[in-house]
Amino acid sequence: MVYQVYPRSFQDSNGDGIGDLQGLIQRLDYLEKLGIGAIWLSPVYQSPNDDNGYDISDYEQIMAEFGTMADMEQLIKEADKRGIKIIMDLVVNHTSDEHPWFIESRSSKDNPYRDFYIWREGIDGQAPNDLESTFLGSAWQLDTHTGDYYLHLFSKKQPDLNWENAAVRKAVYDMMNFWIDKGIGGFRMDVIDLVGKIPDQKITGNGPKLHDYLQEMNAATFGGKDLLTVGETWGATPEIAKLYSDPKRHELSMVFQFEHVALDEQPGKSKWDLRPLVISELKNVFSKWQTELGNQGWNSLFWNNHDLPRIVSRWGNDRDYRVQSGKMLAILLHMLKGTPYIYQGEEIGMTNRVITDISEAADIESKNMYADRLEKGYAKEDILLSINAKGRDNARTPMQWDSSKHAGFTTGTPWLAVNQNYPEINVAQALEDTNSLFYTYQQLITLRKKYPLIVWGTFELLTDTTEEIFAYYRHYKEESWLIVCNFSDQEQPFSLDINAEQTIIANTDKEYHSLLNRTLDPYEAFVVTLGGNLDA
Ligand code: GLC
Ligand code: CA
């Protein structure tokens, strides 16, 4: 069970408004109480923060705002004492343009570091081709000093490393071993699907040498060690996911795939082009991943991360059923097969925040999109609607610890404003209320540790329900469990001619013996054991 910490927004310890490593250390007891086994720590390396740490200028130094290497070592030790491993964010598709490798690389065409990055000549004074950056605009930037273009699939300040250069790969592996020697528990690999790119053919994701590189990396670094590795793999299908995560192939422990995340965007367009979620599509996507990986691949389970909007606002209901829908979403996800990830604040049902002007946005992705769409003639209101629904700042507002000023996140001025609902939604409140979402998450973590069925059981979707009910079985040896979730704010009929044995978890006080002719409350969710019932 992994918990993601976005350090800038977790806990500030020195009043500068920016979360830091000492702040995180102060909150380890809270995370131990929740029951997690590992922290995925978003980047804490030295960085000019063009993309909040995903632009690294020194992989072996800690960002001064976050603390020192001594703080980092203390964090690893203190977490270890509580049975928690630290998973580092490995951002090696690109560096910052302020990394010494890039400073050397751009200095002259015959510099030894020139080939650490991807340089091309322009064609008739234009970029080599029309590849686009994820953060919009051309992916090629002219560097007037030598007159060539360099590739940046993200911001201009994030030049792409040239993975075809064996010296680059070696430098990356050495750096990984530096961290492994410090006692970390693994790596989350940022946009790792891109490192096999062939920019001249406009191939970016899933390039032909990608898996060779990962096997080489495995052998040179974490292979044979007890470390967790998870690749951020956009565009993965179950077949592709097996390439990454089949243990026999010696690549990664598991993938993050994003198929479900794209379900509320207009097909073929971008995440900003909104459409409502169709629940049957969500069922299909989850069923596909649950069944097609078999035992040859391993998946992650997540609703949230630092790039995604808050799930209770997105697919739950943060006005009338915040806690109830939050519990339903948690139960639905955590009863599936795979490794669950919880993003900071998800366990207390933190919500999206609403901005009314672009000046309130901090994220480069939202700001670039705003400028781009304004220029293309979109209405301001529509652009803000998209940002409020999908912008990455939604996940990045400071963690809400208590009802004191700035939610107990900082004694200073937070780098990004705290969500105004912090007096009601905060950790102190959640810990006091035995009915809170926090205890549902805590219970789900405990259940997974206790029951191999949750880890290993096979999945079977129940198709004979209303569209709004997402129900499935898990089968393991002689046992079967039934998971039933009302994915809507309306009552739903549900009927099954089976008697349940025992209730494992539910978000109501109801009794679940007979499942015949029931009416489910909005967002009702329950998990029951069926014993040998199903064979009858
Ligand atoms: C990944 C990260 C995101 C970052 C991008 C570039 O998608 O999750 O936050 O902006 O890579 O590093
Ligand atoms: Ca601080």
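Both counts, for ligands and for their atoms, begin at 1 and track the order of listing. The model shown is predicted, which means the values in this text are computed figures rather than measured ones.
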Three-point angle Asn14:OD1, the Ca ion (ligand 2), Asp20:OD2, rounded to the nearest 10°: 90°
Shortest protein heavy-atom distance from atom 4 (C) of ligand 1, along with the residue and atom involved: Asp51 OD2, 3.3 Å
Per-residue contact class, Arg396 against ligand 1 - non-hydrogen pairs under 4.0 Å: side chain
Part of His306 within contact of ligand 1 (heavy atoms, under 4.0 Å): side chain
Asp16 atom OD1 and Ile18 atom O as seen from the Ca ion (ligand 2), angle to 10 degrees: 90°
N or O contact, Trp234 vs ligand 1, cut-off under 3.5 Å: no
Check: Leu263 main-chain N/O paired with Arg275 side-chain donor or acceptor under 3.5 Å: yes
Result of checking Phe102, Tyr149, Trp140 against Trp119 for ring-ring contact (aromatic ring centres under 6.0 Å, His included): Phe102
Carboxylate-amine/guanidinium proximity below 4.0 Å for Lys157 and Asp55: no
3.0 Å cut-off met by an N, O or S atom of Gly23 to the Ca ion (ligand 2): no
Trp401/Phe10 aromatic ring centres below 6.0 Å: yes
Region of Phe258 that comes within reach of ligand 1 [heavy atoms, distance under 4.0 Å]: neither
Residues Glu265 and Lys271 bridged, charged N to O under 4.0 Å: no
Check ion pair Asp382-Lys380 (N to O, under 4.0 angstrom): no
Atom 12 (O) of ligand 1 [closest protein heavy-atom partner, distance rounded to 0.1 Å]: Asp190 OD2, 2.7 Å
